[in-house]
Amino acid sequence: MTQLKNKKCVPCEGGVRPLSAAEAREFLKEIGEWVLTPDATSIEREFVCKDFVDAVLFITDIAHVAEEEGHHPDINLHDYHLVTVTLSTHAIKGLSENDFILAAKIDQVAGDSHP
């Protein structure tokens, strides 16, 4: 498998099938800290930031990467320093390779200057 962080998201307007749970688990091997939801329609990861301001800056960094990729996560800032990111491809009501590409890029952002 090519390193996901080196790939680019491709627009998805629907018309393709979502990844199966087995296919998703294969992609998860490259982004180990992400968790497949029980219904296998999304992946999630919680990041622990040092404080509220760092959490907001982290979300801003995620937003820039998401815009660049044209693929947008659901982001939840809670307990003042925890950021939960959920990825799913809404157009197909499930997971696509784009979700794993963006997850790998978010991990890179987290490793570069955040959690």
Minimum side-chain heavy-atom gap [X]-[Y] below 4.5 Å:
X     : Y      : result
His81 : Lys50  : no
Ser42 : Leu87  : no
Ile43 : Leu95  : yes
Arg45 : Asp107 : yes
Ile75 : Thr86  : no

Out of curiosity, [X] [atom1] to [Y] [atom2], how far, rounded to the nearest 0.5 Å?
X      : Y      : atom1 : atom2 : answer
Trp34  : Leu28  : CH2   : CG    : 10.0 Å
Lys5   : Leu102 : NZ    : CG    : 14.5 Å
His72  : Glu67  : NE2   : CD    : 3.5 Å
Lys105 : Ile62  : NZ    : CD1   : 14.0 Å
Thr89  : Phe100 : OG1   : CZ    : 9.0 Å
Phe58  : Ile106 : CZ    : CD1   : 7.0 Å

Please find the pair of heavy atoms, one from [X] and one from [Y], that lie closest to each other, and give the distance.
X      : Y     : answer
Ala103 : Ile31 : CB-CD1, 3.6 Å
Val85  : Pro73 : CG1-CB, 3.7 Å
Ala21  : Ala40 : CB-CB, 3.8 Å

* Asked: Can you name the residues that form a side chain to side chain contact (heavy atoms under 4.5 Å, CB included) with His78, not counting sequence neighbours?
  ->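 Only Glu46, Asn76, Leu82, Thr84 meet the side chain to side chain contact (heavy atoms under 4.5 Å, CB included) criterion with His78.
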* To do: Show your working on side chain to side chain contact (heavy atoms under 4.5 Å, CB included) between Glu69 and Asn98 and close with a plain yes or no.
  => CA-CA 9 Å; Glu69 292 299 318; Asn98 288 344; over 6 Å; no
* Asked: Between Lys7 and Glu97, is the closest basic N to carboxylate O distance under 4.0 Å?
  ->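 Yes.
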* Step by step, would you call Arg25 with Leu36 a side chain to side chain contact (heavy atoms under 4.5 Å, CB included)? -> CA-CA 8 Å; Arg25 280 192 284 279; Leu36 185 63; 4.0 Å; yes
* Are Ser88 and Thr41 close enough that a side-chain donor and a side-chain acceptor fall under 3.5 Å? ->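 Distance-only check fails for Ser88 and Thr41.
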* Do you see a donor-acceptor pair shorter than 3.5 Å between the side chains of His71 and Asp99? -> yes
* Asked: Side-chain heavy atoms under 4.5 angstrom apart, residues restricted to Ile, Leu, Val, Met, Phe, Trp, Tyr: same cluster for Val10 and Phe27?
  -> no
* Hey, any chance Val35 and Val83 share a hydrophobic cluster, counting ILVMFWY side chains that come within less than 4.5 Å of each other, even indirectly? ->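 In one cluster: no.
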* Structure fact -> Sorted by chain and number, sequence neighbours left out, salt bridge (charged side-chain N to carboxylate O under 4.0 Å, His left out) with Glu23 holds for Arg17
* Asked: Heavy-atom count around Lys93 NZ within 6.0 Å, excluding the residue itself: above 12?
  -> no
